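Report on one structure; see the data block that follows.
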Amino acid sequence: MYSFPRDANDSIPLQKVFDLNSDLSYIVPTVLFARALAEASASTPVYLYTFDAEPKLKDPTSPVKGTSHGWDIYFEFEIASSELDRLIFFYADPDPAKFPILSKTFKSFITSFAKTGVPQVNGINTWPRFDMTRERYVAISTTPEERERMFAQRTALWTD
């Protein structure tokens, strides 16, 4: 899964190495924690999200793709671009057209959750609760969407 398919030189693509590290460090522990919370108490609401907005890279030919851990902080707190360069050195400035939409969407979710205990925003009336059956979560991007089973095959490799 992490080593196939290989690239034209029969090497493991760098993105697959990053996926392996991300899965072991963030994805699998997050899913296991959400499962433990949902299993411990059916009355405790558990909400899960992934920040799915792919940033513009400084080097578009880079083998690195996707959003790294912590990128959502930039959209939540509007960190200055000069500060961002020190934090995440391979991303270019965010797409000016996407930034206000994504920032507003993400802040709306977080603010709603802080005020009411339920993350809601226009476009998604109700953020689905994570449950043991469907393991629903929201992929946050300029067009947020409900999904099931975060990285299902990769997570199953470590949990089954």
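Just so you know, these numbers come straight off a predicted model, no measurement behind them. All heavy atoms count here, side chains included; hydrogens, waters and symmetry mates do not.
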Spacing of [atom1] belonging to [X] relative to [atom2] belonging to [Y], to within rounding of 0.5 Å:
{"X": "F151", "Y": "D23", "atom1": "CZ", "atom2": "CG", "result": "7.5 Å"}
{"X": "T155", "Y": "E135", "atom1": "OG1", "atom2": "CD", "result": "8.0 Å"}
{"X": "Y137", "Y": "E146", "atom1": "OH", "atom2": "CD", "result": "10.5 Å"}
{"X": "I27", "Y": "R154", "atom1": "CD1", "atom2": "CZ", "result": "6.5 Å"}
{"X": "L37", "Y": "M132", "atom1": "CG", "atom2": "CE", "result": "10.5 Å"}
{"X": "Q153", "Y": "D160", "atom1": "CD", "atom2": "CG", "result": "11.0 Å"}

Can the ring centres of F106 and Y49 be said to be less than 6.0 Å apart?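 Yes, ring centres under 6.0 Å apart.
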
Side chain to side chain contact (heavy atoms under 4.5 Å, CB included) between R136 and W127, intermediate numbers included: CA-CA 9 Å; R136 294 179 296 169; W127 186 319; over 6 Å; no

Under a single-linkage definition using a 4.5 Å side-chain heavy-atom cutoff for Ile, Leu, Val, Met, Phe, Trp and Tyr, are [X] and [Y] assigned to the same hydrophobic cluster?
{"X": "V46", "Y": "I110", "result": "no"}
{"X": "L24", "Y": "V31", "result": "no"}
{"X": "L157", "Y": "V28", "result": "yes"}
{"X": "V138", "Y": "F51", "result": "yes"}

Would you say that more than 12 heavy atoms from the other residues, nucleotides or ligands in this model lie under 6.0 Å from the CD of E39, or not?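 Count not over threshold, so no.
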
Can you name the side-chain contact (heavy atoms from CB on, under 4.5 Å) partners of S41, sequence neighbours left out?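 Residues passing side-chain contact (heavy atoms from CB on, under 4.5 Å) with S41: S43, T44.
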
Mind checking what makes side-chain contact (heavy atoms from CB on, under 4.5 Å) contact with P29, not counting sequence neighbours? none

To check you understand the geometry: which heavy-atom pair defines the closest contact between F113 and P119, and what is its length?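 In terms of heavy atoms, the two residues are closest at CD1-CD, 3.5 Å.
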
Considering all heavy atoms, the nearest P128-Y47 contact: O-CD2, 3.7 Å

R129: side-chain hydrogen bond (donor to acceptor under 3.5 Å, both in side chains) partners, not counting sequence neighbours: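 In terms of side-chain hydrogen bond (donor to acceptor under 3.5 Å, both in side chains), with neighbours along the sequence ignored, R129 is linked to no residue.
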
Strictly distance-based, threshold 3.5 Å: is any side-chain N or O of T159 a donor or acceptor partner for the main-chain N or O of L32? no

